[in-house]
Amino acid sequence: MFPEFAALLFAARDFGHRAHLRTDTMSKHLTLQAFYSELTDLADRVVEGYQGSNGVIEIPYLETPVPGADPTEEIAHYYELVTGTRQQAIPSSRALDAIVDEVEELFLSTL
């Protein structure tokens, strides 16, 4: 379950980066830039932390939404997926939970 969880984080990051390049306002451009930049670091931390106790994993590739998708709707959708799967993906690690708390906060502050 964790590899799929990591794939969600990477897909959200990729979507944020692509949406950042398509925005027509500076405020959205900067908000999405902060989102994908910070999510890159957080996803890296949570995957490395997981691998530290479970070994190296393969992360599947998930397609991101079609170009032109509404960034707010898509980020909210990814947020729901992340919050809905985190307990199954990370059943017993307070350290990893703390990082995923930061991930959730990033989603909320972006929205």
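Side-chain atoms are counted along with the backbone in the values below, which use heavy atoms only and exclude waters and symmetry mates.
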Find out whether the Lys NZ or Arg CZ of Arg18 is both under 6.0 angstrom from the six-membered ring centre of Phe15 and within 45° of the ring's axis.
no

Flag the pair [X] / [Y] as yes when at least one side-chain heavy-atom distance between them is below 4.5 Å, and no otherwise.
X     : Y     : answer
His17 : Gln33 : no
Leu8  : Leu62 : yes
Ile99 : Leu42 : yes
Ser93 : Ser53 : no
Lys28 : Thr25 : yes

Inspect the contact between Arg86 and Asp101 and indicate whether a charged nitrogen and a carboxylate oxygen are less than 4.0 angstrom apart.
yes

May I ask whether [X] and [Y] are part of the same hydrophobic cluster, defined by side-chain heavy atoms of I, L, V, M, F, W, Y residues being less than 4.5 angstrom apart, directly or through others?
X      : Y     : result
Ile90  : Val47 : yes
Val103 : Leu32 : yes
Leu21  : Leu30 : no
Met1   : Ile59 : no
Leu96  : Phe5  : yes

Over all atoms of both residues, closest heavy-atom pair of [X] and [Y]:
X     : Y      : value
Ala12 : Leu39  : CB-CD2, 3.8 Å
Tyr79 : Glu104 : CE1-O, 3.9 Å
Pro71 : Ala19  : CG-CB, 4.1 Å
Ile57 : Phe2   : CD1-CD2, 3.5 Å
Glu74 : Ala69  : CG-CB, 3.7 Å
Gln51 : Val56  : OE1-CA, 3.5 Å

May I ask you to decide if [Y]'s main-chain N or O and [X]'s side chain share a donor-acceptor pair within less than 3.5 Å?
X     : Y     : result
His29 : Thr23 : no
Asn54 : Tyr50 : yes
Thr83 : Glu80 : yes

Rounded to the nearest 0.5 Å, the CD1 atom of Ile75 sits from the NE2 atom of His77 at a distance of 12.0 Å

Which distance, rounded to the nearest 0.5 Å, do you find between the CD of Glu73 and the OH of Tyr78?
13.5 Å

For the pair Phe107 and Phe35, evaluate ring pair (Phe, Tyr, Trp, His ring centres under 6.0 Å) and give the outcome as yes or no after the intermediate values.
CA-CA 8 Å; Phe107 274 90; Phe35 175 75; 5.2 Å; yes

